[in-house]
Amino acid sequence: YNAGQQLLLDRHKKLAAIRKAHAALRYGSRTTISVADDTWAYKMVEGTDIVYVLINRSDAPKSVGGLPASRFSDALLGDSVTGPDVSVPARGVRILLP
């Protein structure tokens with residue numbers, strides 16, 4: 001694979017592992033918590049499993065609100081953030097776990 005293909009393959013593997021680890025992403029009910037011109041945030045819930053997904057389609061980082069005022073770990077990027085407003089990278093996604 002070239003560098004771009006390897007990056008895409010690694011991203012798909014990471015997303016598949018996150019989906020496998022969280023029933024909310026497979027079977028949960030979705031509730032939109034925030035919508036703007038370039039961002040969308042929603043919550044997936046299955047029993048006690050809760051996952052927040054934040055999407056930014058803009059060419060610039062955007063702040064997304066509507067989250068609970070607590071600390072989250074980002075399953076995709078590996079860092080920690082604090083709500084209720086979270087910055088999402090340009091053309092990026094955050095998958096947040098309480």
Side-chain angles (χ1 to χ4, degrees):
Y1 297 114
N2 67 34
Q5 291 169 324
Q6 188 63 51
L7 179 69
L8 186 60
L9 178 62
D10 292 343
R11 176 61 61 102
H12 277 256
K13 286 181 179 180
K14 180 86 173 191
L15 288 170
I18 294 167
R19 184 175 187 267
K20 182 178 179 182
H22 295 281
L25 294 173
R26 296 187 312 274
Y27 309 112
S29 59
R30 183 181 64 215
T31 304
T32 297
I33 56 175
S34 173
V35 174
D37 288 341
D38 291 319
T39 62
W40 178 32
Y42 59 90
K43 172 174 71 169
M44 298 290 294
V45 178
E46 174 64 24
T48 60
D49 190 25
I50 301 172
V51 178
Y52 295 90
V53 179
L54 287 62
I55 301 168
N56 176 13
R57 69 178 188 168
S58 170
D59 291 329
K62 296 280 185 172
S63 180
V64 176
L67 295 165
S70 63
R71 191 156 190 79
F72 300 95
S73 62
D74 189 327
L76 188 59
L77 301 178
D79 60 350
S80 293
V81 295
T82 303
D85 298 317
V86 173
S87 178
V88 181
R91 297 196 177 269
V93 175
R94 283 194 179 269
I95 301 174
L96 303 180
L97 308 172

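Numbering of residues begins at 1 and proceeds along the displayed sequence. Just so it is clear, the model here is predicted, and its values are computed rather than measured.
Under the 4.5 Å side-chain contact rule for hydrophobic residues, Ile18 and Trp40 share a cluster. Leu77 and Leu15 end up in different hydrophobic clusters when Ile, Leu, Val, Met, Phe, Trp and Tyr side chains are linked at under 4.5 Å.
Between the side chain of Asn56 and the backbone N or O of Gly92 there is no donor-acceptor pair closer than 3.5 Å.
Residue Tyr1 belongs to a hydrophobic cluster whose other members are Leu9, with links defined by side-chain heavy atoms closer than 4.5 Å. Think of Val81 as one node in a network of Ile, Leu, Val, Met, Phe, Trp and Tyr side chains linked at under 4.5 Å; its network also takes in Ile33, Val45, Ile50, Tyr52, Leu54, Val64, Leu67, Phe72, Val86, Val88, Leu96.
Residue pairs meeting the side-chain hydrogen bond (donor to acceptor under 3.5 Å, both in side chains) criterion with at least one member in residues 18-30, sequence neighbours excluded: His22-Asp49. Legend: side-chain hydrogen bond (donor to acceptor under 3.5 Å, both in side chains) pairs involving residues 8-17, not counting sequence neighbours, sorted by first then second residue: Gln6-Asp10. Evaluation of the side-chain hydrogen bond (donor to acceptor under 3.5 Å, both in side chains) test over residues 60-80, restricted to residues two or more places apart or in two chains, returns Arg71-Thr82, Asp74-Arg94, Asp79-Arg94.
Closest non-hydrogen pair, Ala24 versus Val51, comes out as CB-CG2, 4.2 Å. Here the closest heavy-atom approach between residue Gly65 and residue Ser34 is recorded as O-CB, 3.3 Å.
With sequence neighbours excluded, the residues forming a side chain to side chain contact (heavy atoms under 4.5 Å, CB included) with Val93 are Val53, Ile55, Leu76, Ile95, listed by chain and number.
Rounding to the nearest 0.5 angstrom, the gap separating the CD atom in Glu46 from the CG atom in Leu25 is 10.5 Å. Here the straight-line distance linking atom OG1 of Thr31 with atom CE of Met44 works out to 9.0 Å at 0.5 Å rounding.
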